[in-house]
Amino acid sequence: MNKKALIAMSGGVDSSVAAALMIQEGYECIGCTMKLFENKEEGEARPKSCCSLDDVNDARRVSHALGMPYYVFNYKKDFEEKIIRKFVQSYEHGVTPNPCIDCNRYMKFDKLYERAKLLGYDTIVTGHYARVEFINGKYVLKKSVDETKDQSYVLYDLTQEKLKHIQFPLGGLTKTRVREIAEEYGFLNANKKDSQDICFVPDGDYAKVMLQYGGNVLPKGDFIDTDGNIIGQHQGISHYTIGQRKGLGISFPEPRYVTHVDPKEHTITLGKNEDLFETTFQVKDVNWISGEVPSEAFDCKVKVRYRQKEQTAIVIPTSADTVLVQYFVKERAITPGQAAVFYMDDVILGGGVIEKIT
RNA sequence: AGGGCUAUCGCCAAGCGGUAAGGCACAGCACUUUGACUGCUGCAUUCGCAAGUUCGAAUCUUGCUAGCCCUG
């Protein structure tokens, strides 16, 4: 019987090549794009993001070039409820969200997978740079071969059940090779710029997005120093994240960074770079990819920010879905709301949401 | 009212007669889940104002002006 796969396409090179590779593998494929939010700038080039009208057109043309059907599924409502609302609320509560992780969890590997199943497609494919392997009766999620493009960090929430139906054809390739393949196929997006930025936040103006989606106007407040002295005024806590330096509009003999966000008092604490380093923090909503909660503490590498390098730490399970992490060497800017992901060499053990620093 | 001190980019601050360091902030680019970090680039023909000495002054002199401190 024919193997069938649904390809989640963004309109970029990666998912296009992923589709091509699946077809090469002999899968019967359909391409699809999830419409996740209203494109305010239809027709306009959004070179830095995906999901614009142009991107949909790119995805459609690549699909047709590969001879596979292509559909656009509308998930605006779900996306707004599950992703954007949480994004807005996080910032309102002084927490820095990572919507891409939620989008993977709730949209691509949940809603979209359900749709695929209904259509009779049991495998879902994306252009993520990560690897799935089946070892000793278990699915294992690994980093991509191209370390510089590895996206396993945003996939820590996958489960055995989900991994069973997922394929990441690009996990073993370098970005350079992917572009070469795109060239070989003559894809029109072979040289398209990588997407980046949060897709629903054009120009990085997320204050505007927050208002658009029903967020409250947050009051301005005080910048305070580490001793509690008022040293200036800020624009509202949603404009800041731990470790931030730029955009503070305040000058000191040395650079100042956001070291604390207080959503109750609406204060932002500014300190020196060295004030950003911590060793211990709590993690909630932890997912263990193996499906088994470790019975005792263990050493591994922990990554607390998308582009930060993972560092050795001891991970202490405190319940079925919480954990205490202690770094051996202090880590910079551990930020509530961001993901803490646990690695053993190139295997992703799991991860969770950073809750608070203790 | 007398005495002293200081005036250099939005902020801090080098400079001490030889033709304006640096940091912060800001802007742009690169990188990027993050108006994050980080990196790169840019950012005072001009030193409170006026005049003088000098081949040459932000640097010396004089006079204004402003601020600070002390004494009454």
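Since this is a predicted model, take the numbers as computed values, not measurements. Chain identifiers are assigned alphabetically (A, B, ...) following the order of the sequence lines, protein sequences preceding nucleic acid strands; residue numbering begins at 1 within each chain.
Within a heavy-atom distance below 4.0 Å of RNA chain B, the residues of residues 237-251 of chain A found are A:His239, A:Thr241, A:Gly243, A:Gln244, A:Arg245, A:Lys246, A:Gly247, A:Leu248, A:Gly249, A:Ile250, A:Ser251. Taking every heavy atom of residues 262-288 of chain A and every atom of RNA chain B, no pair lies under 4.0 Å. Less than 4.0 Å separates RNA chain B from at least one heavy atom of each of the following residues of residues 76-96 of chain A: A:Thr96. Residues from residues 254-261 of chain A placing a heavy atom under 4.0 Å of any atom in RNA chain B, listed by number, are A:Glu254, A:Pro255, A:Tyr257. Taking every heavy atom of residues 338-349 of chain A and every atom of RNA chain B, pairs under 4.0 Å involve A:Gln338, by number.
Within 4.0 Å of A:Arg305, counting heavy atoms only, lies at least one base atom of the nucleic acid. Contact annotation for A:Lys149: backbone-only contact, meaning every heavy-atom pair under 4.0 Å involves sugar-phosphate atoms and none involves a base.
For the P atoms, the distance linking B:A57 with B:U19 amounts to 12 Å, nearest Å. Taking atom P in both B:U71 and B:C64, the straight-line distance is 25 Å, to the nearest Å. Spacing between B:G67 and B:U61 at atom P, rounded to whole Å, works out to 24 Å. Distance check on atom C1': B:G56 versus B:G18 gives 6 Å, rounded to whole Å. B:C9 sits 13 Å from B:U46 when the P atoms are compared, rounded to a whole Å. For the P atoms, the distance from B:G63 to B:C5 is 13 Å, rounded to whole Å. The gap from the C1' atom of B:C16 to that of B:A58 amounts to 10 Å, rounded to the nearest Å. Comparing B:A44 with B:C26, their C1' atoms sit 15 Å apart, to the nearest whole Å.
Remark: A:Asp110 engages no residue in a salt bridge (Lys or Arg N to Asp or Glu O under 4.0 Å) (not counting sequence neighbours). With sequence neighbours left out, A:Lys330 forms a salt bridge (Lys or Arg N to Asp or Glu O under 4.0 Å) with no residue at all. Remark: A:Glu133 engages A:Arg131, A:Lys142 in a salt bridge (Lys or Arg N to Asp or Glu O under 4.0 Å) (not counting sequence neighbours).
Checking B:G52 for Watson-Crick or G-U wobble geometry (two distances, each under 3.5 Å) identifies B:C60 as its partner. Searching all strands for a Watson-Crick or G-U wobble partner of B:U71 with both distances below 3.5 Å returns B:A1. The partner of B:A36 cannot be assigned: no Watson-Crick or G-U wobble pair with both contacts below 3.5 Å exists in any strand. Here B:U6 sits opposite B:A66 as a Watson-Crick or G-U wobble pair (both hydrogen-bonding atom distances under 3.5 Å). The nucleotide B:C43 finds no pairing partner, because no Watson-Crick or G-U wobble arrangement with both distances shorter than 3.5 Å includes it.
Summarising the geometry, the separation between CD on A:Gln308 and C1' on B:C31 is reported as 15 Å, rounded to the nearest angstrom. Across the protein-nucleic acid pair, A:His234 atom NE2 and B:G35 atom P stand 16 Å apart, rounded to whole Å. If you measure from atom CZ of A:Arg307 to atom P of B:U34, you get 10 Å, rounded to the nearest angstrom. As a whole-Å value, the separation of A:Ile334 CD1 from B:C37 P is 18 Å. Between A:Asp150 atom CG and B:U32 atom P there is a gap of 13 Å when expressed in whole angstrom units. Look at CD on A:Glu331: it is 16 Å from P on B:C37, rounded to the nearest Å. For A:Lys303 and B:C37, the NZ to P distance is 18 Å, given to the nearest whole Å.
A:Tyr106 carries A:Lys82 over the face of its six-membered ring, with the cationic atom under 6.0 Å from the centre and within 45° of the normal. A:Arg85 forms no cation-pi arrangement with A:Tyr213, by the criterion of a distance under 6.0 Å to the ring centre and an angle within 45° of the ring axis.
Remark: A:Glu183 CD to A:Ile181 CD1 distance equals 11.5 Å, nearest 0.5 Å.
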Can I get a per-line list of side-chain donor-acceptor pairs under 3.5 Å for residues 276-302 of chain A, giving both atom names and the distance, sequence neighbours left out?
{"unit_1": "A:Asn287", "atom_1": "ND2", "unit_2": "A:Tyr156", "atom_2": "O", "d": "2.8"}
{"unit_1": "A:Asn287", "atom_1": "ND2", "unit_2": "A:Asp157", "atom_2": "O", "d": "3.4"}
{"unit_1": "A:Asn287", "atom_1": "ND2", "unit_2": "A:Leu158", "atom_2": "O", "d": "2.8"}
{"unit_1": "A:Ser290", "atom_1": "OG", "unit_2": "A:Glu292", "atom_2": "N", "d": "3.1"}
{"unit_1": "A:Ser290", "atom_1": "OG", "unit_2": "A:Glu292", "atom_2": "O", "d": "3.4"}
{"unit_1": "A:Glu292", "atom_1": "OE2", "unit_2": "A:Lys138", "atom_2": "NZ", "d": "3.2"}

Name the atoms and distances for all side-chain donor-acceptor pairs under 3.5 Å in residues 242-250 of chain A, with sequence neighbours left out.
{"unit_1": "A:Gln244", "atom_1": "OE1", "unit_2": "A:Thr241", "atom_2": "N", "d": "3.1"}
{"unit_1": "A:Gln244", "atom_1": "NE2", "unit_2": "A:Lys246", "atom_2": "O", "d": "3.0"}

| request: Could you walk me through whether A:Lys272 and A:Asp275 pass salt bridge (Lys or Arg N to Asp or Glu O under 4.0 Å), step by step? | output: CA-CA 5 Å; A:Lys272 296 178 187 169; A:Asp275 297 326; over 6 Å; no

| task | Apply side-chain hydrogen bond (donor to acceptor under 3.5 Å, both in side chains) to A:Tyr70 and A:Thr33, showing your working. | result | CA-CA 8 Å; A:Tyr70 173 77; A:Thr33 296; 2.4 Å; yes

| task | Take A:Glu310 and A:Lys143 through the test salt bridge (Lys or Arg N to Asp or Glu O under 4.0 Å) and record every step on the way to the result. | result | CA-CA 12 Å; A:Glu310 58 268 26; A:Lys143 287 186 189 173; 2.4 Å; yes

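Salt bridge annotation for A:Asp58-A:Lys192: present, with a cationic side-chain nitrogen under 4.0 angstrom from a carboxylate oxygen. Using a 4.0 Å cut-off between charged side-chain N and carboxylate O, A:Asp78 and A:Lys111 make a salt bridge.
The closest side-chain heavy-atom distance from A:Ser63 to A:Met9 is below 4.5 Å. Put simply, the side chain of A:Val323 reaches to within 4.5 Å of the side chain of A:Phe342, judged on heavy atoms.
The 5' end of RNA chain B is approached more closely, in terms of each residue's nearest nucleotide, by A:Phe252 than by the other of A:Phe252 and A:Tyr306.
Two rings, from A:Phe200 and A:Phe79, have their centers less than 6.0 Å apart.
For residues 166-179 of chain A, the set of pairs meeting the side-chain hydrogen bond (donor to acceptor under 3.5 Å, both in side chains) definition, not counting sequence neighbours, comprises A:Asp14-A:Lys175, A:Tyr27-A:Gln167, A:Lys175-A:Asp194, A:Arg177-A:Glu180, A:Arg177-A:Glu184, A:Arg179-A:Asp194. The stretch residues 235-264 of chain A participates, sequence neighbours left out, in these ring pair (Phe, Tyr, Trp, His ring centres under 6.0 Å) pairs: A:Phe223-A:Tyr240, A:His234-A:Tyr240.
Of the candidate nucleotides B:U33, B:C24, B:C37, B:U33 has the atom nearest to the side chain of A:Asn98.
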